[in-house]
There are 2 protein chains.
Amino acid sequence: MPDPRRPITVALVDDYDVVLLGVAKIIDQYRDRVVVAEIDTNKPVRDDVDIVLYDSFAQPESDHHEIGALVRNPNARRVVVFTWNFHPDLIAKAREQGVRGYLSKALPARELVAALEKVHAGEFVVSEVAGRVRPANGLDWPGRGEGLTDRESEILALITQGLSNADVAAQTYLSPNTVKSYIRSVYRKIGAASRTQAVLWGVDHGFVPDHHRIDHWRGGP
Amino acid sequence: MPDPRRPITVALVDDYDVVLLGVAKIIDQYRDRVVVAEIDTNKPVRDDVDIVLYDSFAQPESDHHEIGALVRNPNARRVVVFTWNFHPDLIAKAREQGVRGYLSKALPARELVAALEKVHAGEFVVSEVAGRVRPANGLDWPGRGEGLTDRESEILALITQGLSNADVAAQTYLSPNTVKSYIRSVYRKIGAASRTQAVLWGVDHGFVPDHHRIDHWRGGP
DNA sequence: GACGCTACCCCCCCTAGGGGTGTACCGCCC
DNA sequence: GGGCGGTACACCCCTAGGGGGGGTAGCGTC
C-alpha cells in the first residue's frame, strides 16, 4: 500500500559495492522520495524494503535463477532489474520470474526515481532509453579511476572471478570475439601481458566480489 | 670477529613469511648459539646481523643480482644461500658474488646451525646433502596444510606472481614439461580448472608475496 | 622385495587465449 | 562537417597453456 508521505525504501543488490554506492548516491539526490535502506553484496536482503534494485553489473542477467531467489525473498516487496541489456527475451524472462520493473542504466536520476515510484504504485515498468547509450551521471564501477570503461570493467570483473572467455560471453550476451576485444583493450590500459597479470591487477583494484551488508545507508559521511 | 659467548645473529630473507617462520622455528631450537634477529619479506635488512640467510623458495637462484644486493648491504656481515639446487654453476656464481655459505634445505637443524657457525668463523661452507632429498623437519611453505608439496607450492607461488610457464621453468631450473606436470598436479589438488582459478586460490591461501619486516623475533608466542 | 610417494622428465594433441586489423553504428564535441 | 571514443563484431594467425599418457630414480614403510 503506497503511502505518499513515507519515502520508498530500496535495497541495492550486486557483487560490487563501488557500483552500488554509485547508484545510492544517484538515488540520494531524491531522498525525500526514495531512500536506500540496505546495500547487499553477496548477502540476502534482510530488512523489509519496498523495492529490491538488482544491478546487473557482472551479474547473471534475468535468465538465471538469482532473480527468482530475490523475488521469493519475503523481505522484498518488489524486484526491479537495473541493466543495459534490453533483449526482449530477457525482459520476458524477468517478467515470468516476477520482476516488476526493468530499467536502463542510462536513465537520469529523476527518471529512475519516477520509475521506482511507478513500480511501487503497482505498475510493471520497462524503461528502455532509446539512443542514449552512455551511462547515467553518477554511476561508478571498479577501475573507473584508472580509465576503464563500464564494459571493460565488467569483463575484467568476470575474469577476476575465474570465468573463461566463453563463460563471459555467455553471461554478458556478447560474442566471444567481442569479449576478446575488450580483454585486449583492458590489457593495454592496465599494462598486463597475460590474463594472470590482469587478474592480479584486478585483485588489487577492487575487482574481487565483496561480501558485505551495509545497513541504513544515509548519504555517506 | 666471532665471539663464542654471544650467539650469532641471523636475518632471514624471502618473499614468504610462512617459509621464514618455519626456518626460524628450526633455528630457535638452538637459540643459545644462533638467534633470528630479523625476518624480511621484500624489505632490505636493517639491523646489523652476522649472517643473512637467503631462502631460495620462489626466489631467483644465485645467478641473479638479488644475491649481490644482499652481499653489498653493509648491515649484513655474511650471506648464506639456503636452497635445493646444487648445480655447480650456481654455487660458483654465488661464490663470485661474495656468498659465504651454500646450504641444503635437507639439513637437519643441528647441522644447519653448525654450518652457520662455520660461516661465522670465516669458512666458506657448501653442505650438499647426498641422498637425503626430503625437506628437513620443521620447514614450512604456503599450501602445505592443503596437501601441496614444497615444489608444487613454489610453482604455484611463481604463477601467483604472474609468471608464464617458461618464466617459471627458467627461474626454477626445471624443464617446461616438468613445470606443466606440477601445475596440473596442483590443479587437481586444489580443484582448479584454469590458471586463473589457481591464481585466485593462491591469493586466498597465502601465495601472494609478503612485504613485512619482523624485528626481534624470539620464538613467537 | 613390493608398494607408495615424490621429484623430475618426455611425448603427443588440441583448445583457449592473445595479437593484429578492419568494419559498422552511435553519440558527443569542436 | 569531421574527429573521437565507446560498443559490438568479424577474420586471421600463432603460441601458451591444459589434458592425456608414460617413464626413471630415490626414499620410506610395510
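What you see below is based on every heavy atom in this structure, not just the backbone, and it leaves out hydrogens, waters and symmetry mates. Below, chains carry the letters A, B, ... as their sequence lines are ordered, and counting in each starts from 1.
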Using a 3.5 Å distance criterion without hydrogens, assess whether the side chain of [X] forms a donor-acceptor pair with backbone atoms of [Y].
| X | Y | value |
| --- | --- | --- |
| S194(B) | Q197(B) | yes |
| D28(B) | K25(B) | no |
| N42(B) | D210(B) | yes |

[X] [atom1] to [N] [atom2], straight-line distance once rounded to whole Å:
| X | N | atom1 | atom2 | value |
| --- | --- | --- | --- | --- |
| Y173(A) | dC9(D) | OH | P | 13 Å |
| Q197(B) | dG18(D) | CD | C1' | 13 Å |
| R134(A) | dT7(D) | CZ | P | 7 Å |
| K105(B) | dA7(C) | NZ | P | 13 Å |
| N177(A) | dA24(C) | CG | C1' | 15 Å |
| D167(B) | dT15(D) | CG | P | 17 Å |
| Y182(A) | dG6(D) | OH | P | 10 Å |
| F86(A) | dA8(D) | CZ | C1' | 18 Å |

- prompt: Which of parallel (below 30°), tilted (30 to 60°) and perpendicular (above 60°) describes H87(B) and Y173(B)?
  reply: tilted
- prompt: Using a heavy-atom distance cut-off of less than 4.0 Å, which residues of residues 140-158 of chain A contact DNA chain C?
  reply: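 Nucleic-acid contacts, sorted: none.
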query: What residues, two or more places apart in sequence or in another chain, satisfy salt bridge (Lys or Arg N to Asp or Glu O under 4.0 Å) together with K180(A)?
result: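 Salt bridge (Lys or Arg N to Asp or Glu O under 4.0 Å) check on K180(A) returns nothing, list empty.
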- prompt: Does the side chain of E111(B) pick up a donor-acceptor pair with the side chain of S127(B) at under 3.5 Å?
  reply: no
- prompt: For D150(A) and S153(A), does a side-chain donor sit closer than 3.5 Å to a side-chain acceptor?
  reply: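 Distance-only check fails for D150(A) and S153(A).
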List every contact pair, protein side and nucleotides 17-21 of chain C side both N or O, where the distance is under 3.5 Å.
unit_1	atom_1	unit_2	atom_2	d
dG17(C)	OP2	N165(A)	N	3.2
dG18(C)	OP1	Y187(A)	OH	3.3
dG18(C)	OP1	R195(A)	N	2.7
dG18(C)	OP2	Y187(A)	OH	2.7
dG18(C)	N7	K180(A)	NZ	3.3
dG18(C)	O6	K180(A)	NZ	2.5
dG19(C)	N7	R184(A)	NE	3.3
dG20(C)	N7	R184(A)	NH1	2.7
dG20(C)	O6	R184(A)	NH2	3.3

Basic-acidic side-chain contact under 4.0 Å: E96(B), K93(B):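 Between K93(B) and E96(B) there is no salt bridge, as every charged N stays at least 4.0 Å from the carboxylate O atoms.
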query: For T178(B) and dC8(C), is the shortest distance between a side-chain N/O and OP1 or OP2 below 4.0 Å?
result: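 No, no such contact exists.
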query: Quick check, are the ring centers of Y102(A) and F86(A) under 6.0 angstrom apart?
result: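 Ring centres of F86(A) and Y102(A) closer than 6.0 Å.
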